[in-house]
Amino acid sequence: MTSDGCSDPASLDSLSPQEKKRQGYIHELIEAEERYVEDLQVVFYKPMSESRRLTDAEMAMIFVNWRELLACNSKLVKALHARKKTTGDNVPVQKIGDILASELSHMQPYISFCSSQFNGATLLQTRTDNEPEFKAFLKKIATDYRCKGMPLSSFLLKPMQRITRYPLHIKNILECTAEGHPDRGHLKEALEKAEELCQQVNEGVREKENSDRLEWIQNHVQCDGAVEHLVFNSLTNCLGPRKLLHSGKMYKAKSSKELWAFLFNDFLLLTHAAKQFTSSGPDKLFSKRNNVQLKMYKPPVLLNEVLVKLPDPSSDEPIFHISHIDKVYVLRTDNINERTSWVQKIKVASEEFIETEKKKREKVYQARSIKGTGIGRLLVTILEATELKAAKPNGKSNPYCEVTMGAQTFTSRTINDTLNPKWSFNCQFHIRDLYQDVLCITISERDQFSPDGFLGRTEVPVATIKKELENKGPVTRRLLLHEVPTGEVWVRLDLQLFK
(Lines give C-alpha, C1' and ligand atoms only; values in the text may rest on other atoms or scores of the structure.)
Protein backbone atom coordinates (compact mmCIF):
# COMPACT_ATOMS: atom_id res chain seq x y z
CA MET A 1 0.00 0.00 0.00
CA THR A 2 1.13 3.56 -0.68
CA SER A 3 0.70 6.33 1.85
CA ASP A 4 -2.45 7.56 0.12
CA GLY A 5 -4.17 4.20 0.16
CA CYS A 6 -3.66 3.54 -3.54
CA SER A 7 -3.12 -0.10 -4.36
CA ASP A 8 0.42 -1.04 -5.20
CA PRO A 9 0.65 -2.83 -8.57
CA ALA A 10 2.33 -5.75 -6.81
CA SER A 11 -0.90 -6.46 -4.88
CA LEU A 12 -3.02 -6.72 -8.06
CA ASP A 13 -1.90 -10.20 -9.18
CA SER A 14 -5.44 -11.37 -10.02
CA LEU A 15 -5.83 -8.78 -12.78
CA SER A 16 -5.24 -9.28 -16.51
CA PRO A 17 -1.83 -8.14 -17.80
CA GLN A 18 -3.44 -5.13 -19.54
CA GLU A 19 -5.31 -4.04 -16.38
CA LYS A 20 -2.16 -4.51 -14.28
CA LYS A 21 -0.33 -2.21 -16.66
CA ARG A 22 -3.19 0.30 -16.50
CA GLN A 23 -3.19 0.32 -12.70
CA GLY A 24 0.60 0.71 -12.76
CA TYR A 25 0.32 3.86 -14.89
CA ILE A 26 -2.44 5.25 -12.63
CA HIS A 27 -0.23 4.58 -9.61
CA GLU A 28 2.68 6.33 -11.38
CA LEU A 29 0.57 9.42 -12.14
CA ILE A 30 -0.70 9.73 -8.55
CA GLU A 31 2.79 9.31 -7.08
CA ALA A 32 4.24 11.86 -9.50
CA GLU A 33 1.48 14.32 -8.61
CA GLU A 34 2.12 13.86 -4.88
CA ARG A 35 5.86 14.44 -5.32
CA TYR A 36 5.19 17.51 -7.43
CA VAL A 37 2.90 19.08 -4.81
CA GLU A 38 5.57 18.41 -2.19
CA ASP A 39 8.09 20.20 -4.41
CA LEU A 40 5.75 23.20 -4.79
CA GLN A 41 5.56 23.44 -1.00
CA VAL A 42 9.34 23.50 -0.63
CA VAL A 43 10.98 26.10 1.58
CA PHE A 44 12.39 28.70 -0.87
CA TYR A 45 9.60 31.28 -0.76
CA LYS A 46 9.36 31.90 3.00
CA PRO A 47 13.07 32.48 3.81
CA MET A 48 13.56 34.59 0.68
CA SER A 49 10.56 36.75 1.55
CA GLU A 50 11.60 37.15 5.20
CA SER A 51 15.21 37.99 4.30
CA ARG A 52 14.05 41.18 2.52
CA ARG A 53 16.91 40.70 0.05
CA LEU A 54 14.34 41.07 -2.72
CA THR A 55 11.63 43.69 -3.11
CA ASP A 56 7.99 42.61 -3.33
CA ALA A 57 8.12 43.31 -7.08
CA GLU A 58 11.20 41.10 -7.48
CA MET A 59 9.58 38.30 -5.44
CA ALA A 60 6.52 38.56 -7.70
CA MET A 61 8.75 38.44 -10.79
CA ILE A 62 10.46 35.24 -9.62
CA PHE A 63 7.57 33.31 -8.07
CA VAL A 64 4.76 34.90 -10.13
CA ASN A 65 1.56 33.04 -9.07
CA TRP A 66 3.25 30.06 -7.37
CA ARG A 67 0.49 29.82 -4.74
CA GLU A 68 -2.15 29.50 -7.46
CA LEU A 69 -0.22 26.57 -8.96
CA LEU A 70 -0.05 24.94 -5.53
CA ALA A 71 -3.82 25.41 -5.10
CA CYS A 72 -4.52 23.83 -8.54
CA ASN A 73 -2.43 20.73 -7.93
CA SER A 74 -3.37 20.29 -4.27
CA LYS A 75 -7.00 20.14 -5.42
CA LEU A 76 -6.09 17.52 -8.03
CA VAL A 77 -4.22 15.37 -5.45
CA LYS A 78 -7.14 15.60 -3.00
CA ALA A 79 -9.58 14.55 -5.73
CA LEU A 80 -7.40 11.54 -6.61
CA HIS A 81 -7.14 10.54 -2.93
CA ALA A 82 -10.91 10.88 -2.47
CA ARG A 83 -11.51 8.65 -5.52
CA LYS A 84 -9.23 5.98 -4.08
CA LYS A 85 -10.95 6.09 -0.69
CA THR A 86 -14.34 5.74 -2.39
CA THR A 87 -13.08 2.78 -4.47
CA GLY A 88 -11.56 1.03 -1.43
CA ASP A 89 -8.13 -0.32 -0.57
CA ASN A 90 -6.64 -3.06 -2.78
CA VAL A 91 -9.36 -2.42 -5.36
CA PRO A 92 -8.37 -1.28 -8.87
CA VAL A 93 -9.18 2.34 -9.71
CA GLN A 94 -11.98 2.14 -12.28
CA LYS A 95 -12.11 5.80 -13.31
CA ILE A 96 -9.56 8.59 -13.21
CA GLY A 97 -10.17 10.35 -16.54
CA ASP A 98 -13.16 12.37 -15.27
CA ILE A 99 -11.04 13.90 -12.47
CA LEU A 100 -8.19 14.72 -14.85
CA ALA A 101 -10.51 16.25 -17.46
CA SER A 102 -12.19 18.41 -14.81
CA GLU A 103 -9.04 19.61 -13.01
CA LEU A 104 -6.98 20.21 -16.17
CA SER A 105 -9.73 22.60 -17.30
CA HIS A 106 -8.85 24.88 -14.37
CA MET A 107 -5.07 25.12 -14.75
CA GLN A 108 -4.93 28.45 -16.58
CA PRO A 109 -2.60 29.86 -13.84
CA TYR A 110 0.16 27.84 -15.56
CA ILE A 111 -0.16 30.04 -18.66
CA SER A 112 0.67 33.13 -16.60
CA PHE A 113 3.50 31.45 -14.68
CA CYS A 114 5.26 29.90 -17.66
CA SER A 115 4.86 33.09 -19.72
CA SER A 116 6.63 35.12 -17.02
CA GLN A 117 9.26 32.53 -16.13
CA PHE A 118 12.00 33.88 -18.38
CA ASN A 119 11.96 37.32 -16.74
CA GLY A 120 12.15 35.76 -13.27
CA ALA A 121 15.03 33.46 -14.29
CA THR A 122 16.89 36.44 -15.81
CA LEU A 123 16.50 38.46 -12.61
CA LEU A 124 17.69 35.54 -10.50
CA GLN A 125 20.71 34.97 -12.74
CA THR A 126 21.63 38.67 -12.69
CA ARG A 127 21.46 38.87 -8.89
CA THR A 128 23.42 35.63 -8.50
CA ASP A 129 26.14 36.74 -10.94
CA ASN A 130 26.59 40.19 -9.42
CA GLU A 131 26.08 39.58 -5.69
CA PRO A 132 28.21 36.89 -3.99
CA GLU A 133 26.20 37.31 -0.75
CA PHE A 134 22.92 36.63 -2.57
CA LYS A 135 24.47 33.58 -4.25
CA ALA A 136 25.64 32.23 -0.85
CA PHE A 137 22.20 32.89 0.62
CA LEU A 138 20.47 30.82 -2.09
CA LYS A 139 23.03 28.05 -1.65
CA LYS A 140 22.35 27.94 2.09
CA ILE A 141 18.57 27.62 1.56
CA ALA A 142 19.16 24.79 -0.90
CA THR A 143 20.91 22.71 1.84
CA ASP A 144 17.48 21.99 3.36
CA TYR A 145 16.86 18.25 2.88
CA ARG A 146 13.47 18.98 1.29
CA CYS A 147 15.25 20.70 -1.60
CA LYS A 148 16.95 17.41 -2.53
CA GLY A 149 20.12 19.30 -3.37
CA MET A 150 18.40 21.24 -6.18
CA PRO A 151 18.86 25.02 -6.54
CA LEU A 152 15.94 27.43 -6.83
CA SER A 153 16.48 27.81 -10.58
CA SER A 154 15.73 24.09 -11.02
CA PHE A 155 12.58 24.27 -8.93
CA LEU A 156 11.28 27.15 -11.03
CA LEU A 157 11.38 24.86 -14.09
CA LYS A 158 9.18 22.21 -12.47
CA PRO A 159 5.77 23.73 -13.39
CA MET A 160 6.61 23.76 -17.11
CA GLN A 161 8.02 20.22 -16.84
CA ARG A 162 4.89 19.01 -15.05
CA ILE A 163 2.52 20.44 -17.64
CA THR A 164 4.36 18.67 -20.47
CA ARG A 165 4.12 15.32 -18.62
CA TYR A 166 0.31 15.19 -18.41
CA PRO A 167 -0.31 14.13 -22.04
CA LEU A 168 2.25 11.31 -21.66
CA HIS A 169 0.71 10.04 -18.39
CA ILE A 170 -2.78 10.05 -19.90
CA LYS A 171 -1.68 8.40 -23.16
CA ASN A 172 -0.07 5.57 -21.21
CA ILE A 173 -3.28 4.94 -19.23
CA LEU A 174 -5.44 5.28 -22.35
CA GLU A 175 -3.40 2.71 -24.28
CA CYS A 176 -4.18 0.16 -21.56
CA THR A 177 -7.89 1.07 -21.36
CA ALA A 178 -10.05 -1.19 -23.52
CA GLU A 179 -12.77 0.03 -25.89
CA GLY A 180 -16.05 0.19 -23.99
CA HIS A 181 -14.31 0.75 -20.64
CA PRO A 182 -16.24 3.40 -18.62
CA ASP A 183 -13.09 5.48 -18.27
CA ARG A 184 -12.09 5.55 -21.93
CA GLY A 185 -14.26 8.51 -22.99
CA HIS A 186 -13.16 10.53 -19.95
CA LEU A 187 -9.49 9.77 -20.65
CA LYS A 188 -9.86 10.94 -24.26
CA GLU A 189 -11.39 14.18 -23.01
CA ALA A 190 -8.60 14.53 -20.41
CA LEU A 191 -5.95 14.02 -23.12
CA GLU A 192 -7.56 16.79 -25.21
CA LYS A 193 -7.54 19.10 -22.17
CA ALA A 194 -3.90 18.28 -21.39
CA GLU A 195 -2.75 18.89 -24.96
CA GLU A 196 -4.81 22.08 -25.15
CA LEU A 197 -3.22 23.30 -21.90
CA CYS A 198 0.29 22.61 -23.27
CA GLN A 199 -0.62 24.49 -26.43
CA GLN A 200 -1.99 27.45 -24.44
CA VAL A 201 1.13 27.54 -22.25
CA ASN A 202 3.43 27.44 -25.28
CA GLU A 203 1.39 30.15 -27.01
CA GLY A 204 1.47 32.23 -23.83
CA VAL A 205 5.26 31.89 -23.64
CA ARG A 206 5.58 32.94 -27.30
CA GLU A 207 3.24 35.90 -26.80
CA LYS A 208 5.15 37.08 -23.72
CA GLU A 209 8.49 36.79 -25.53
CA ASN A 210 6.99 38.65 -28.49
CA SER A 211 5.62 41.37 -26.21
CA ASP A 212 8.97 41.75 -24.40
CA ARG A 213 10.85 42.04 -27.68
CA LEU A 214 8.40 44.60 -29.07
CA GLU A 215 8.89 46.67 -25.90
CA TRP A 216 12.67 46.36 -26.34
CA ILE A 217 12.36 47.66 -29.91
CA GLN A 218 10.16 50.54 -28.72
CA ASN A 219 12.84 51.58 -26.23
CA HIS A 220 15.88 51.06 -28.48
CA VAL A 221 14.77 52.16 -31.98
CA GLN A 222 14.41 55.87 -32.76
CA CYS A 223 11.75 56.33 -35.43
CA ASP A 224 12.28 60.00 -36.24
CA GLY A 225 10.72 60.86 -39.58
CA ALA A 226 8.15 58.03 -39.60
CA VAL A 227 4.93 59.01 -41.35
CA GLU A 228 3.00 58.19 -38.19
CA HIS A 229 3.89 57.48 -34.57
CA LEU A 230 4.92 53.84 -34.33
CA VAL A 231 3.76 51.84 -31.31
CA PHE A 232 5.30 48.41 -31.84
CA ASN A 233 3.52 46.47 -29.09
CA SER A 234 0.02 47.18 -30.39
CA LEU A 235 -2.60 46.14 -32.91
CA THR A 236 -1.73 46.28 -36.60
CA ASN A 237 -4.12 47.91 -39.05
CA CYS A 238 -5.82 44.69 -40.16
CA LEU A 239 -3.79 41.64 -38.97
CA GLY A 240 -4.55 41.67 -35.25
CA PRO A 241 -1.72 42.00 -32.69
CA ARG A 242 1.72 42.83 -34.09
CA LYS A 243 4.18 39.92 -34.06
CA LEU A 244 7.93 39.97 -34.50
CA LEU A 245 8.64 37.19 -36.99
CA HIS A 246 12.39 37.53 -37.51
CA SER A 247 15.31 39.83 -36.76
CA GLY A 248 19.00 40.03 -37.41
CA LYS A 249 21.93 41.70 -39.04
CA MET A 250 22.32 42.36 -42.75
CA TYR A 251 24.24 44.80 -44.96
CA LYS A 252 23.68 47.08 -47.91
CA ALA A 253 25.19 45.13 -50.78
CA LYS A 254 27.14 48.06 -52.30
CA SER A 255 28.44 49.99 -49.32
CA SER A 256 28.48 47.11 -46.78
CA LYS A 257 26.71 49.43 -44.34
CA GLU A 258 25.59 47.35 -41.36
CA LEU A 259 21.83 47.23 -40.82
CA TRP A 260 19.62 45.62 -38.18
CA ALA A 261 16.37 44.34 -39.68
CA PHE A 262 13.11 43.57 -37.89
CA LEU A 263 10.39 41.66 -39.74
CA PHE A 264 6.90 42.04 -38.30
CA ASN A 265 3.68 40.51 -39.61
CA ASP A 266 2.78 43.82 -41.29
CA PHE A 267 6.06 45.55 -42.21
CA LEU A 268 9.85 45.29 -42.46
CA LEU A 269 11.93 47.83 -40.57
CA LEU A 270 15.57 48.52 -41.46
CA THR A 271 17.65 50.25 -38.77
CA HIS A 272 21.29 51.07 -38.14
CA ALA A 273 23.20 51.44 -34.90
CA ALA A 274 24.10 54.92 -33.66
CA LYS A 275 27.30 53.32 -32.33
CA GLN A 276 28.99 50.10 -33.46
CA PHE A 277 28.22 47.07 -31.30
CA THR A 278 28.47 43.29 -31.52
CA SER A 279 25.70 40.79 -30.92
CA SER A 280 25.73 37.03 -31.38
CA GLY A 281 22.15 36.04 -32.12
CA PRO A 282 18.75 37.57 -31.38
CA ASP A 283 18.81 36.60 -27.69
CA LYS A 284 21.84 38.83 -27.09
CA LEU A 285 20.31 41.63 -29.17
CA PHE A 286 17.19 41.70 -26.98
CA SER A 287 19.08 41.34 -23.71
CA LYS A 288 18.13 43.88 -21.06
CA ARG A 289 21.87 44.54 -20.65
CA ASN A 290 22.12 45.63 -24.28
CA ASN A 291 21.84 49.43 -24.30
CA VAL A 292 22.37 49.86 -28.03
CA GLN A 293 20.40 52.65 -29.69
CA LEU A 294 19.19 52.02 -33.23
CA LYS A 295 17.89 54.55 -35.72
CA MET A 296 15.36 53.98 -38.47
CA TYR A 297 17.32 53.69 -41.72
CA LYS A 298 14.37 53.90 -44.14
CA PRO A 299 10.60 54.28 -43.66
CA PRO A 300 8.89 50.97 -42.77
CA VAL A 301 8.20 48.74 -45.77
CA LEU A 302 4.60 47.49 -45.75
CA LEU A 303 4.51 43.81 -46.68
CA ASN A 304 1.40 44.07 -48.87
CA GLU A 305 3.43 46.33 -51.19
CA VAL A 306 6.67 44.36 -51.32
CA LEU A 307 8.32 41.95 -53.74
CA VAL A 308 11.36 39.95 -52.62
CA LYS A 309 13.56 38.00 -55.01
CA LEU A 310 17.00 36.53 -55.50
CA PRO A 311 19.46 37.93 -58.05
CA ASP A 312 19.04 36.67 -61.59
CA PRO A 313 21.01 34.59 -62.38
CA SER A 314 21.04 33.25 -58.83
CA SER A 315 24.34 34.17 -57.21
CA ASP A 316 26.48 32.34 -54.69
CA GLU A 317 26.72 35.68 -52.91
CA PRO A 318 24.10 35.89 -50.12
CA ILE A 319 22.36 38.85 -51.80
CA PHE A 320 18.63 39.46 -52.29
CA HIS A 321 16.42 42.30 -53.56
CA ILE A 322 13.43 43.93 -51.91
CA SER A 323 11.25 46.01 -54.24
CA HIS A 324 8.84 48.44 -52.59
CA ILE A 325 6.79 50.72 -54.85
CA ASP A 326 9.50 52.75 -56.63
CA LYS A 327 12.48 51.69 -54.49
CA VAL A 328 14.73 48.64 -54.64
CA TYR A 329 16.89 47.60 -51.67
CA VAL A 330 19.82 45.31 -52.46
CA LEU A 331 20.80 43.55 -49.24
CA ARG A 332 23.40 40.99 -48.17
CA THR A 333 23.39 38.55 -45.27
CA ASP A 334 26.31 36.75 -43.62
CA ASN A 335 25.62 33.47 -45.42
CA ILE A 336 23.29 31.67 -47.86
CA ASN A 337 21.24 30.03 -45.08
CA GLU A 338 20.43 33.40 -43.54
CA ARG A 339 19.47 34.78 -46.93
CA THR A 340 17.15 31.81 -47.54
CA SER A 341 15.55 32.31 -44.13
CA TRP A 342 14.94 36.04 -44.70
CA VAL A 343 13.55 35.58 -48.22
CA GLN A 344 11.18 32.78 -47.17
CA LYS A 345 9.90 34.60 -44.07
CA ILE A 346 9.29 37.86 -45.95
CA LYS A 347 7.48 36.01 -48.76
CA VAL A 348 5.24 34.08 -46.36
CA ALA A 349 4.40 37.19 -44.30
CA SER A 350 3.68 39.18 -47.48
CA GLU A 351 1.40 36.45 -48.85
CA GLU A 352 -0.51 36.22 -45.55
CA PHE A 353 -1.00 40.00 -45.46
CA ILE A 354 -2.25 40.10 -49.07
CA GLU A 355 -4.51 37.06 -48.50
CA THR A 356 -6.07 38.70 -45.39
CA GLU A 357 -6.84 41.85 -47.37
CA LYS A 358 -8.25 39.76 -50.22
CA LYS A 359 -10.60 37.86 -47.88
CA LYS A 360 -11.74 41.15 -46.37
CA ARG A 361 -12.56 42.53 -49.84
CA GLU A 362 -14.34 39.30 -50.86
CA LYS A 363 -16.49 39.42 -47.71
CA VAL A 364 -17.55 42.98 -48.52
CA TYR A 365 -18.24 42.07 -52.16
CA GLN A 366 -20.32 39.02 -51.20
CA ALA A 367 -22.44 41.09 -48.81
CA ARG A 368 -23.07 43.62 -51.59
CA SER A 369 -23.88 41.07 -54.28
CA ILE A 370 -26.53 39.13 -52.33
CA LYS A 371 -29.69 39.60 -54.36
CA GLY A 372 -32.68 39.59 -52.05
CA THR A 373 -36.37 40.22 -52.51
CA GLY A 374 -35.76 43.83 -51.49
CA ILE A 375 -38.49 46.45 -51.47
CA GLY A 376 -36.31 49.13 -53.01
CA ARG A 377 -32.89 50.73 -53.20
CA LEU A 378 -31.15 53.73 -51.71
CA LEU A 379 -28.67 55.64 -53.88
CA VAL A 380 -26.14 57.51 -51.74
CA THR A 381 -23.49 60.04 -52.77
CA ILE A 382 -21.01 61.09 -50.07
CA LEU A 383 -20.15 64.55 -51.32
CA GLU A 384 -17.73 65.88 -48.72
CA ALA A 385 -16.93 66.30 -45.05
CA THR A 386 -16.04 69.59 -43.36
CA GLU A 387 -14.18 70.68 -40.22
CA LEU A 388 -13.06 67.17 -39.27
CA LYS A 389 -11.04 66.50 -36.14
CA ALA A 390 -7.25 66.71 -36.67
CA ALA A 391 -5.64 63.31 -36.12
CA LYS A 392 -2.03 64.00 -37.16
CA PRO A 393 0.69 66.09 -35.50
CA ASN A 394 0.59 68.50 -38.46
CA GLY A 395 -3.03 69.41 -37.65
CA LYS A 396 -4.44 67.44 -40.59
CA SER A 397 -6.00 64.00 -41.17
CA ASN A 398 -6.03 61.28 -43.84
CA PRO A 399 -9.81 60.70 -43.89
CA TYR A 400 -11.89 58.08 -45.67
CA CYS A 401 -15.59 57.27 -45.40
CA GLU A 402 -17.25 53.89 -44.80
CA VAL A 403 -20.97 53.64 -45.58
CA THR A 404 -22.92 50.62 -44.36
CA MET A 405 -26.40 49.19 -44.13
CA GLY A 406 -26.34 45.88 -42.30
CA ALA A 407 -23.72 43.72 -44.00
CA GLN A 408 -23.63 45.91 -47.13
CA THR A 409 -20.46 48.03 -47.01
CA PHE A 410 -18.83 50.62 -49.29
CA THR A 411 -15.56 52.46 -48.64
CA SER A 412 -14.35 55.68 -50.27
CA ARG A 413 -10.79 56.48 -51.25
CA THR A 414 -8.50 58.11 -48.68
CA ILE A 415 -7.67 61.78 -49.13
CA ASN A 416 -4.45 62.80 -47.40
CA ASP A 417 -3.64 65.90 -45.34
CA THR A 418 -7.03 67.57 -45.16
CA LEU A 419 -9.85 68.32 -42.70
CA ASN A 420 -12.29 69.04 -45.55
CA PRO A 421 -12.18 66.03 -47.93
CA LYS A 422 -14.25 66.07 -51.12
CA TRP A 423 -15.17 62.53 -52.22
CA SER A 424 -18.27 62.61 -54.51
CA PHE A 425 -18.43 58.90 -53.77
CA ASN A 426 -21.45 56.88 -55.01
CA CYS A 427 -22.93 53.71 -53.53
CA GLN A 428 -26.19 51.79 -53.72
CA PHE A 429 -27.98 49.76 -51.02
CA HIS A 430 -30.76 47.18 -51.26
CA ILE A 431 -33.61 48.05 -48.89
CA ARG A 432 -35.03 44.98 -47.15
CA ASP A 433 -37.05 46.52 -44.33
CA LEU A 434 -38.24 50.12 -44.51
CA TYR A 435 -38.57 50.42 -40.73
CA GLN A 436 -35.49 48.46 -39.59
CA ASP A 437 -32.75 49.36 -42.11
CA VAL A 438 -30.40 52.17 -41.05
CA LEU A 439 -27.80 54.01 -43.16
CA CYS A 440 -24.55 54.36 -41.16
CA ILE A 441 -21.72 56.71 -42.16
CA THR A 442 -18.36 56.47 -40.37
CA ILE A 443 -15.37 58.69 -41.14
CA SER A 444 -11.97 57.37 -40.11
CA GLU A 445 -8.30 58.34 -40.20
CA ARG A 446 -6.32 55.97 -42.42
CA ASP A 447 -3.32 54.61 -40.49
CA GLN A 448 -0.75 52.20 -41.86
CA PHE A 449 0.69 50.68 -38.70
CA SER A 450 -2.23 50.76 -36.25
CA PRO A 451 -6.03 50.49 -36.30
CA ASP A 452 -7.67 53.38 -38.13
CA GLY A 453 -8.60 56.38 -35.98
CA PHE A 454 -12.22 57.45 -35.39
CA LEU A 455 -13.26 60.84 -36.87
CA GLY A 456 -17.02 60.61 -36.36
CA ARG A 457 -20.18 58.67 -37.17
CA THR A 458 -23.78 59.46 -38.03
CA GLU A 459 -26.85 57.31 -38.72
CA VAL A 460 -30.07 57.89 -40.61
CA PRO A 461 -32.98 55.41 -40.46
CA VAL A 462 -34.40 54.60 -43.91
CA ALA A 463 -37.88 55.41 -42.57
CA THR A 464 -36.69 58.98 -41.84
CA ILE A 465 -35.26 59.27 -45.36
CA LYS A 466 -38.63 58.11 -46.82
CA LYS A 467 -40.52 60.70 -44.78
CA GLU A 468 -38.18 63.53 -45.85
CA LEU A 469 -38.07 62.51 -49.53
CA GLU A 470 -41.82 61.96 -49.93
CA ASN A 471 -42.47 62.95 -53.58
CA LYS A 472 -39.41 65.24 -53.64
CA GLY A 473 -36.83 63.14 -55.49
CA PRO A 474 -33.13 63.23 -54.49
CA VAL A 475 -32.16 65.59 -51.65
CA THR A 476 -28.85 66.84 -50.25
CA ARG A 477 -28.45 66.79 -46.48
CA ARG A 478 -25.88 68.00 -43.99
CA LEU A 479 -25.35 65.45 -41.19
CA LEU A 480 -23.57 66.24 -37.92
CA LEU A 481 -20.88 63.72 -36.91
CA HIS A 482 -21.36 62.28 -33.42
CA GLU A 483 -18.89 61.26 -30.67
CA VAL A 484 -16.37 63.89 -31.86
CA PRO A 485 -16.03 67.60 -31.01
CA THR A 486 -16.27 68.78 -34.61
CA GLY A 487 -17.19 67.62 -38.11
CA GLU A 488 -20.10 67.15 -40.50
CA VAL A 489 -20.72 65.28 -43.72
CA TRP A 490 -22.74 66.27 -46.80
CA VAL A 491 -24.69 63.51 -48.59
CA ARG A 492 -27.13 63.19 -51.47
CA LEU A 493 -29.89 60.61 -50.92
CA ASP A 494 -32.29 59.09 -53.45
CA LEU A 495 -34.73 56.45 -52.18
CA GLN A 496 -36.40 54.37 -54.89
CA LEU A 497 -39.09 51.97 -53.67
CA PHE A 498 -40.23 49.20 -56.01
CA LYS A 499 -43.90 49.15 -57.01
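All figures in this text were calculated on a predicted structure; none of them were measured in a lab.
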For the backbone of [Y] and the side chain of [X], can you confirm whether one donor and one acceptor N or O come within less than 3.5 Å of each other?
X: K188; Y: L174; answer: no
X: N265; Y: P241; answer: yes
X: Q23; Y: V91; answer: no
X: S397; Y: A391; answer: yes
X: E483; Y: G456; answer: no
X: T236; Y: G240; answer: yes
X: S112; Y: Q108; answer: no
X: S74; Y: A71; answer: no
X: T164; Y: Q161; answer: yes
X: R162; Y: A32; answer: no

[X] side, atom [atom1]; [Y] side, atom [atom2] - distance, nearest 0.5 Å:
X: L244; Y: L263; atom1: CG; atom2: CG; result: 7.5 Å
X: Q117; Y: T122; atom1: CD; atom2: OG1; result: 10.5 Å
X: E38; Y: E33; atom1: CD; atom2: CD; result: 11.5 Å
X: K75; Y: L70; atom1: NZ; atom2: CG; result: 13.5 Å
X: I62; Y: S49; atom1: CD1; atom2: OG; result: 11.0 Å
X: Y36; Y: Q41; atom1: OH; atom2: CD; result: 11.5 Å

Is it the case that over 12 heavy atoms from other parts of the model lie below 6.0 angstrom from the NZ atom of K243? no

With a sphere of 6.0 Å drawn around CD of E133, does it hold more than 12 non-hydrogen atoms of other residues, nucleotides or ligands? no

Criterion side-chain contact (heavy atoms from CB on, under 4.5 Å) against V308, the qualifying member of I322, L331, V301: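 It is I322; the other options fail the test.
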
Checking D98, I96, I30 against R83 for side-chain contact (heavy atoms from CB on, under 4.5 Å), the one that qualifies is D98

For residues [X] and [Y], is any side-chain donor paired with an opposing acceptor at under 3.5 Å?
X: R332; Y: S256; value: yes
X: R457; Y: T442; value: yes
X: D183; Y: Q94; value: no
X: H482; Y: E459; value: no

Taking every non-hydrogen atom, the tightest pair across [X] and [Y]:
X: V292; Y: H220; result: O-CD2, 2.9 Å
X: A273; Y: L294; result: CA-CD2, 3.6 Å
X: V205; Y: M160; result: CG2-CE, 3.9 Å
X: L303; Y: L268; result: CD2-N, 4.0 Å
X: C238; Y: K360; result: CB-NZ, 4.4 Å
X: T177; Y: R184; result: O-NH1, 2.6 Å

Is [X] salt-bridged to [Y], going by a charged N under 4.0 Å from an acidic O?
X: E131; Y: R53; value: no
X: R22; Y: E19; value: yes
X: D39; Y: R35; value: no

ring-ring contact (aromatic ring centres under 6.0 Å, His included) partners of [X], counting only residues at least two apart:
X: Y110; answer: none
X: F134; answer: none
X: F262; answer: none

Taking the six-membered ring of F320 as reference, does the cationic atom of R339 (NZ for Lys, CZ for Arg) lie under 6.0 Å from its centre and within 45° of its axis? no

Under 6.0 Å from the ring centre and within 45 degrees of the ring axis: does the NZ or CZ of K140 meet both conditions for the six-membered ring of F137?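 Checked: cation-pi criterion not met.
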
Any F232 side-chain heavy atom under 4.5 Å of R213 side chain: no

Student check: side-chain heavy atoms of I141 and L152 closer than 4.5 Å: no

Please report the C-alpha distance between F44 and F63 in whole Å, then the side-chain angles of each, then the deciding distance to 0.1 Å, and finally whether the ring-ring contact (aromatic ring centres under 6.0 Å, His included) criterion is met. CA-CA 10 Å; F44 281 107; F63 289 98; 7.7 Å; no

Apply the test salt bridge (Lys or Arg N to Asp or Glu O under 4.0 Å) to residues E203 and R206: give CA-CA distance (whole Å), side-chain angles for both, the deciding distance (0.1 Å), then the verdict. CA-CA 5 Å; E203 185 60 32; R206 283 194 293 271; 2.8 Å; yes

Run the numbers on W260 and L269 for side chain to side chain contact (heavy atoms under 4.5 Å, CB included), then give the verdict. CA-CA 8 Å; W260 288 88; L269 181 65; over 6 Å; no

Check the pair V343 / K347 against side chain to side chain contact (heavy atoms under 4.5 Å, CB included), numbers first and verdict last. CA-CA 6 Å; V343 169; K347 278 184 176 178; 4.0 Å; yes

Please evaluate residues F113 and V201 with respect to the criterion side chain to side chain contact (heavy atoms under 4.5 Å, CB included), reporting the C-alpha separation (whole Å), side-chain torsions for both, the decisive distance (0.1 Å), and the verdict. CA-CA 9 Å; F113 179 84; V201 166; over 6 Å; no

Which class fits the ring pair H272 and Y297: parallel under 30°, tilted 30 to 60°, perpendicular over 60°?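 Aromatic pair H272/Y297 classed perpendicular.
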
Using side chain to side chain contact (heavy atoms under 4.5 Å, CB included), reason through Y25 and E175 one step at a time and then give a plain yes or no. CA-CA 10 Å; Y25 283 132; E175 284 172 6; over 6 Å; no

